[in-house]
Amino acid sequence: MLRRVTWLFTKLNQVAYGLKFLEAFSTEVLKPAEAGILSRARTPTINFVLGGPGVGKGTQCTRIAETYGFTHLSVGDLLRNEISSTSEYGDMILETITKGKIVSSEVTVNLLKKAIETSEADRFLVDGFPRTEENRVAYEQIIEIEPEFVLFFDCDEEELVKRVLHRNQGRVDDNIDTTMERLKVFEAKTLPVIRYYTEKGKLYKINAIGTEDEIFERLRPIFST
Ligand SMILES: Nc1ncnc2c1ncn2[C@@H]1O[C@H](COP(=O)(O)OP(=O)(O)O)[C@@H](O)[C@H]1O
Ligand SMILES: O=c1ccn([C@@H]2O[C@H](COP(=O)(O)OP(=O)(O)O)[C@@H](O)[C@H]2O)c(=O)[nH]1
Ligand SMILES: [Mg+2]
């Protein structure tokens, strides 16, 4: 009888220990990854910059960053860096960009997360993202920082095509066929994201027709407040 009670006691102890281990494992190991908490001491401010291909997002972001003290993160550049690195995703990214399609959210959001985590900056302009509602939802789940505001540079398609074809940076996607596909993707996938932020009252729509200086001037009221 005594041996049975001792055996039972030992087993109960083992179960209790196992449960404790699982609890510790789930809070210390699983939870942060699941909750997507950035491994940074302070939560940075994030703003998104959207607009069709060639509208001038990169051009204006560079100027905003210099003048108003933001760190510019172009998600297109993060993806292009992966192509030229030894990343396992390089080939897939090159193929997707060449076709003018959208890279899977998992890859993009994790690249963005890494870029934010390895920077000490407090204020980011995330350029060219989220490009789809699926991107936006994945961002919310993994990075969890609501953008303070979203800039949308607006311009007609004819002008967009002209700007892309004159960009001259040797990009695989700066040709007429890919640009037409990117315009379709923009209308079908990115405009819903723009509508989402309009409804949330976070969107600033900026007329992107004019000179670079004129457009930059239109931003002053947003950044000078
Ligand atoms: N306001 C503008 N008018 C004419 N061309 C512009 C203007 N702003 C930028 N560009 C040019 O258009 C091309 C695309 O600009 P870029 O900043 O790369 O746009 P995006 O990042 O939105 O694709 C570049 O060659 C750039 O010099
Ligand atoms: O969140 C993103 C950002 C970019 N891209 C891919 O990268 C290309 C180039 O993006 P970038 O923002 O550099 O282009 P831009 O609009 O500035 O011409 C896009 O067409 C997509 O194929 C993507 O898949 N997801
Ligand atoms: Mg760009």
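Predicted model only: the values in this text are computed from it and were never measured. We use all heavy atoms of the structure for the numbers below, so side chains are in, but hydrogens, waters and symmetry mates are not. Throughout, numbering of the chain's residues begins at 1 and tracks the sequence. Both counts, for ligands and for their atoms, begin at 1 and track the order of listing.
- Looking at Lys189 and Glu133, no side-chain N of the basic residue comes within less than 4.0 Å of a carboxylate O on the acidic one, giving no salt bridge.
- Residue Pro53 has at least one heavy-atom neighbour below 4.0 Å for each of these atoms of ligand 2: 16 (O).
- Within a 6.0 Å radius of CD in Glu187, no more than 12 heavy atoms belonging to other residues, nucleotides or ligands are found.
- In terms of polar-atom proximity, Arg171 is counted as a contact of ligand 2, with an N or O under 3.5 Å from an N or O of the ligand.
- The nearest protein atom to atom 1 (N) of ligand 1, hydrogens excluded, is given as Gly210 O, 2.9 Å; this is a heavy-atom distance.
- Scanning the protein heavy atoms around atom 19 (O) of ligand 1, the nearest turns out to be Gly56 N, 3.0 Å.
- Counting protein heavy atoms only, atom 27 (O) of ligand 1 is closest to Glu212 OE2, 3.9 Å.
- The closest protein non-hydrogen atom to atom 24 (O) of ligand 2 is Val103 N, 2.7 Å.
- Among all non-hydrogen protein atoms, the one lying nearest atom 17 (O) of ligand 2 is Lys57 NZ, 3.7 Å.
- The structure places CG of Leu111 at 6.0 Å from CD1 of Ile93, a figure rounded to the nearest 0.5 Å.
- The pair Asp213-Arg63 meets the salt-bridge criterion, with a side-chain N (NZ, NE, NH1 or NH2) lying under 4.0 Å from an Asp/Glu carboxylate O.
- Given atom 20 (O) of ligand 2, the protein heavy atom at minimum distance is Arg182 NE, 3.1 Å.
- Looking only at heavy atoms of the protein, atom 14 (C) of ligand 1 is closest to Gly54 O, 3.6 Å.
- At the shortest separation from atom 4 (C) of ligand 1 among protein heavy atoms lies Arg163 NE, 3.5 Å.
- Considering each of Thr108, Thr96, Leu79, the one bringing a non-hydrogen atom nearest atom 23 (C) of ligand 2 is Leu79.
- Shown are Tyr196, Tyr139, Phe149, Phe124; of these, the ring-ring contact (aromatic ring centres under 6.0 Å, His included) with Phe48 is made only by Tyr139.
- Near Thr59, the atoms of ligand 1 lying under 4.0 angstrom from a non-hydrogen atom of the residue are 9 (C), 15 (O), 16 (P), 17 (O), 26 (C).
- No part of Val164 comes within 4.0 Å of ligand 2, judged by heavy-atom distances.
- At under 3.5 Å, a nitrogen or oxygen of Arg167, whether backbone or side chain, sits near a nitrogen or oxygen of ligand 2.
- To the nearest 0.5 Å, atoms CD1 (Ile209) and CZ (Phe153) are separated by 12.5 Å.
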Q) Can you check salt bridge (Lys or Arg N to Asp or Glu O under 4.0 Å) on Glu117 and Lys114, steps first, answer last? A) CA-CA 5 Å; Glu117 279 178 343; Lys114 201 164 71 184; over 6 Å; no

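- Judged by distance alone, the side chain of Thr178 and the main-chain N or O of Asp174 form no donor-acceptor pair under 3.5 Å.
- Interatomic distance, CD1 of Ile46 versus CG of Asp122, reported as 11.0 Å (0.5 Å rounding).
- With hydrogens left out, the protein atom closest to atom 21 (O) of ligand 1 is Gly58 N, 3.0 Å, a heavy atom.
- Closest heavy-atom approach to atom 10 (O) of ligand 2 among the candidates Lys101, Arg131, Glu181, Lys99: Arg131.
- For the pair Gly58 and ligand 2, no heavy-atom separation below 4.0 Å is found.
- With hydrogens left out, the protein atom closest to atom 24 (C) of ligand 1 is Arg167 CG, 4.2 Å, a heavy atom.
- Between Asp127 and Lys57 there is no salt bridge, since no side-chain N of the basic residue sits under 4.0 Å from a carboxylate O of the acidic one.
- Closest protein heavy atom to atom 13 (O) of ligand 2: Arg80 NH2, 2.8 Å.
- Taking CG from Leu151 and CD1 from Ile206, the interatomic distance works out to 4.5 Å, rounded to the nearest 0.5 Å.
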